[in-house]
Every structure is written in structure tokens, then in C-alpha cells.
**Q** 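Here it is, the structure, as C-alpha cells.
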There are 2 protein chains.
Amino acid sequence: MKTKKQVIFEEAAKLFQEKGYSAASMRDLADRVNLKASSLYSHIKAKEEILQKICFDNASHFTQGMDTVEKSGQSPEEKVRALLRLHLEIALDDPTSITVFNDEWKHLEEPHLTRFLNLRRDYENRFRTIIQEGIASGVFRSVDPTVALFTLLSSLRWIHYWHRPSRKIDREALLRDVTAILLNGLRSGK
Amino acid sequence: MKTKKQVIFEEAAKLFQEKGYSAASMRDLADRVNLKASSLYSHIKAKEEILQKICFDNASHFTQGMDTVEKSGQSPEEKVRALLRLHLEIALDDPTSITVFNDEWKHLEEPHLTRFLNLRRDYENRFRTIIQEGIASGVFRSVDPTVALFTLLSSLRWIHYWHRPSRKIDREALLRDVTAILLNGLRSGK
DNA sequence: GTCTATAACTTGATAGAC
DNA sequence: GTCTATCAAGTTATAGAC
């Protein structure tokens, strides 16, 4: 059984995705969970608390996934493949949340904004290092590692359009096609 | 010489990028152009007029670029290459505007919202057709054309981070690397 | 925990003097 | 065209009854 607090966070993620954080009001949110706006404050402290939870929960998923990938001892190529899977799984499992995470983090207040940007920068650096290793070993094409990094990172930002509940078969097909394009694109001709 | 109206539109694009359309107030904008908020209304009719201009100017650039590409009589592969260049040129020439175009169109009011979504859908359909032709002729990898389409479309959504004024050399290097990854990724092994 | 009432403030936009 | 003054509506959040 979901707690009311959980329901509030889930509906908030949907609402923030649809209207954006700033345009989404606490009255909108209250309507969706059949409460008056003031009653929301029995469950949460402030509107921004919801944004913080969405942003840092997602950041945590990415960081934990990166931890696993780094420990795996795989080749750079297999690591990139695993990271593409990680991004796609997160994007499909929590599509509204990931959209808010991608687009609305700018509305975090300090010190949370700085903390968030630090987490993101660390993740990007770890991803870039893997790409650089692949380039150094000749497996990956000789491109600017930052260009490759952001091309991969942003190429999945449409995935939430794709989401339909319980579509396990499509998920594997989607992963196969996306990986085919991006990983083959990254591979050198050798 | 720039008219005051032009300056207002340019500063608005920057402001909307930084804070998002909803969080950016007319008083914020007025401060940036050294006016009082009420004076803005001597130059524009409403806040949403600015958003409309940004969205539809960008849409027009993409549509005109697609017109040229379709008329070129090139192969699907060369057409995709030209479209990647089109996206990158637009993204680098007007980076704040393109960010607003990508993320803030949802705040358009009807009937502009529907008109915008129709333009976008038409553009996507024309792009998808080119990809399908490439797949049919065996030049492109056999993937879901919609997956390929959105992977390409979203892959440049980080470009505004890259922007520095007058960086013509980097522009060609950037285009070369992005094209190398995405076009080689799309190509079949044959 | 949920409500009504309301405080304290910000929003986009207009009226009218200069 | 720009200003001051202002409006009507909407914002997050709190106080206190039940």
C-alpha cells in the first residue's frame, strides 16, 4: 500500500513534467491527490522538497549504476553498453521523474543546486574517462571525448515519449536499436 | 543598429533559457534592458508574444532547411549529413533561442500550441521518411526508423553548453565528430 | 490530517501623466 | 516611449478549528 506521501511525490513528478516546475502550482497538485493545497503541508515541508527528492533520487540511481559498471572489470566497450542500458532502464522505469530531473534541476535552491551540479559533473567525468580509455585502446573512434559523451547523454532524452506500461518486449528492441546506433557510431573501423 | 524591440527579444531568449519561461518575469526582463516592466508593453503586446516568436522562428529555420535538403536530390545518407549540419548550425548560431524552442514550447497557448506541434510533427515525418529510404536501400542499419529519428534529433540538445562566440574552427571539428558518431552508427556494415 | 481563512508576496498587464 | 501608480489574479505557506 502506497502512503499518501508517495502518491503526492508521484503525482508531483507527472505534474512537473507536464507543466514545468514553476508553472505547476500546489493547488494543481492538491487537486490531483484530492486534497486542499494547505493539506499537502501535513506531508511535505515545501514545494521544493519534492523537486529535491526527484533530482537526488535520480542522481543516486545514476551514481550507483556507475559504481557497478566501474567495478565490473569489463572493457570500455562493454562498460559503455552497460551505461546505455542503465540510462534506458532508468528512463523507462520512471519516465516522468527523469524528465523533471533532466529539465527542472535549475529551480533547485542553494545549496542543493551546487550539490546537484557537483554530482552531475562527477558522473560526467567518470563516463568521459571510460570513453577516453576506449579511444586510447583504439576500440573507439578518435573523436573529442566530450563531444562523444554529451552526444550519448543527450541522445536518450526523448525516451519518455516512448513509454507505455508493461512493454517488456519493446524495451529490449529499443535497447538493441539505440545501442546499435550509438555503440557502432563510437567504434572505430578497425 | 538594433531596435529596442530586437534587444528585448534577444534578452528574453537568454532569460527564458536561464530561468525557464514561467519563472522569468517581465520585471526580470525589464531590468536587463533598462526599462520598467510597464514600458515593455510599448514594444510587445504580451509575454507570450516573445515565446511565440522564438518558437516559430526556429520552426521556420528547420522547415526551410528541410525544404532545401529534400530538393537536393542527394542520397539518404547525404541528406542525413546535411540535416545534422542544419541542426548544428541552428544550435550554434542561436543557442539561447534553440533551448527555449526545445524546452519551453509547452507554455504556448492555443491555438499556437497546436500549430507548433503540427509543424514539429511534419518535420519529424519528413526526416523519418529519409531514414526509411536509407534503410530500404540497405545503406542504413535495419533499426526502427522512429528510434533512429529521435536518437538523432535529441543528440544535439547539449550543444548550447558548447557555445563560445567566434569559434569557427571548433564548429567544423564539432560537426565532424558528431557526424562521425551518428552517421557511422546509422550505416549498415555492408 | 484535513479543512477554512488568510497573510505576505509576486505575477502580467493597464491607465494616464509627462 | 517611459514613467508611477495600480489592479486583479495567482503564488507558497501558515494558523488554528475540528
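Treat the numbers as computed from the prediction; the structure is a model and nothing was measured. Just so we're on the same page: letters track the sequence lines, and every chain starts at 1.
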**Q** Answer yes when Glu10(A) and Lys2(A) have at least one side-chain N-carboxylate O distance shorter than 4.0 Å, and no when they do not.
**A** yes

**Q** Mapping Lys4(B) and Tyr21(A) onto DNA chain D by nearest heavy atom, which one lands closer to the 5' end?
**A** Lys4(B)

**Q** Could Asp144(B) and Arg176(A) be called an ion pair, given the rule that one side-chain N must be under 4.0 Å from one carboxylate O?
**A** no

**Q** For the pair Phe16(B) and Phe101(B), evaluate ring-ring contact (aromatic ring centres under 6.0 Å, His included) and give the outcome as yes or no after the intermediate values.
**A** CA-CA 10 Å; Phe16(B) 292 170; Phe101(B) 167 78; over 10 Å; no

**Q** For DNA chain C, determine which residues of residues 41-55 of chain A have any heavy atom closer than 4.0 angstrom to one of its atoms, and list them numerically.
**A** Ser42(A), His43(A)

**Q** If you count the non-hydrogen atoms of other residues, nucleotides and ligands that lie under 6.0 Å from NZ in Lys14(B), is the total more than 12?
**A** no

**Q** State plainly whether the residues Arg32(A) and Glu18(A) are in salt-bridge range, i.e. N to O under 4.0 Å.
**A** yes

**Q** With Arg115(B) as the cation and Phe56(B) as the aromatic partner, state whether NZ or CZ is under 6.0 Å from the six-membered ring centre and within 45° of the axis.
**A** yes

**Q** Can you give the donor-acceptor pairs under 3.5 Å from side chains of residues 75-83 of chain A to other protein atoms, not counting sequence neighbours?
**A**
| residue | atom | partner | partner atom | Å |
| --- | --- | --- | --- | --- |
| Ser75(A) | OG | Glu78(A) | N | 3.2 |
| Glu77(A) | OE2 | Arg187(A) | NE | 2.6 |
| Glu77(A) | OE2 | Arg187(A) | NH2 | 2.4 |

**Q** Under 3.5 Å, sequence neighbours excluded: what are the donor-acceptor pairs made by side chains of residues 126-136 of chain B?
**A**
| residue | atom | partner | partner atom | Å |
| --- | --- | --- | --- | --- |
| Arg126(B) | NE | Glu70(B) | OE1 | 3.3 |
| Arg126(B) | NE | Glu70(B) | OE2 | 3.0 |
| Arg126(B) | NH1 | Asp67(B) | OD1 | 3.4 |
| Arg126(B) | NH2 | Asp67(B) | OD1 | 2.6 |
| Arg126(B) | NH2 | Glu70(B) | OE1 | 2.7 |
| Arg128(B) | NE | Thr146(B) | OG1 | 3.1 |
| Arg128(B) | NH1 | Asn125(B) | OD1 | 2.7 |
| Thr129(B) | OG1 | Asn125(B) | O | 2.9 |

**Q** Quick check on contacts: within residues 22-39 of chain A, what sits under 4.0 Å from DNA chain C by heavy-atom distance?
**A**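 Within this stretch, Leu35(A), Lys36(A), Ser38(A), Ser39(A) sit under 4.0 Å of the strand.
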
**Q** What residues form a side-chain contact (heavy atoms from CB on, under 4.5 Å) with Tyr41(A), not counting sequence neighbours?
**A** Met26(A)

**Q** Which is the 5'-most and which the 3'-most nucleotide of DNA chain D that has an atom under 4.0 Å from a heavy atom of chain A?
**A** dT11(D) to dT14(D)

**Q** Could you tell me if Ser97(B) and Asp57(B) have a donor-acceptor pair between their side chains, going purely by distance under 3.5 Å?
**A**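 No, no side-chain donor-acceptor contact under 3.5 Å.
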
